[in-house]
Amino acid sequence: MPHILIGILIFILSLFISWIIASVPVWLSAKLFSSKASLGKALIATFVGLLIFLILDRLISPFSHLIALLVGFVGILWIFKIVFDVAGSSL
């Protein structure tokens with residue numbers, strides 16, 4: 001039984017570390033477009049973006065996996081736009 005608990009603890013710890021590592025490039029990229037970017041916002045954006053992606057994928061993938069992937073990606077971009085308060089560019 002202790003081996004299972006250690007495995008679960010290692011799994012949770014690795015998820016947490018992966019989440020932080022994935023948030024660092026998001027934070028650095030957001031710094032280029034928004035002066036309000038912080039690591040905390042990047043952590044929130046990556047977590048909420050993942051949740052939105054998973055929900056949209058679950059809802060749409062029975063119909064089309066490709067469309068679910070594209071809609072999920074747009075959902076992640078929408079979350080990043082909201083969290084980092086990035087306005088559309090006017091070239």
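Here the closest heavy-atom approach between residue Ser23 and residue Leu43 is recorded as OG-CD2, 3.3 Å. Looking at every heavy atom in both residues, Leu56 comes nearest to Gly75 through CD1-CA, 4.3 Å. Closest non-hydrogen pair, Gly49 versus Ile76, comes out as O-CG1, 3.5 Å. Closest non-hydrogen pair, Trp27 versus Ala42, comes out as CB-CB, 3.5 Å.
To the nearest 0.5 Å, the span separating CG on Leu70 from CG on Asp57 amounts to 11.0 Å. To the nearest 0.5 Å, the span separating CG on Leu28 from CG on Leu39 amounts to 9.0 Å. Of the inter-residue distances, the one linking Ile44 atom CD1 with Ile79 atom CD1 reads 11.5 Å to the nearest 0.5 angstrom. Considering CD1 of Ile67 and OG of Ser61, their distance stands at 11.5 Å, rounded to 0.5 Å. Taking CD1 of Ile52 as the reference point, atom CG of Leu77 lies at 12.5 Å (rounded to 0.5 Å). Atoms CZ and CD1, from Phe16 and Ile21 in turn, are 11.0 Å apart once rounded to the nearest 0.5 Å.
Within the 4.5 Å cutoff, side-chain heavy atoms of Leu51 are placed close to those of Phe47. At a threshold of 4.5 Å between non-hydrogen side-chain atoms, the residues Trp78 and Val83 do not count as touching.
Connection of Phe84 to Phe73 is not established within any shared hydrophobic cluster, with ILVMFWY side chains joined at heavy-atom distances below 4.5 Å, either directly or through further cluster members.
Side-chain contact check for Trp19 and Thr46: at least one donor-acceptor pair (N or O, by modelled atom type) lies under 3.5 Å.
When the options Leu9, Ile4, Ile10, Ile8 are evaluated for a side-chain contact (heavy atoms from CB on, under 4.5 Å) with Ile6, the one that passes is Ile10.
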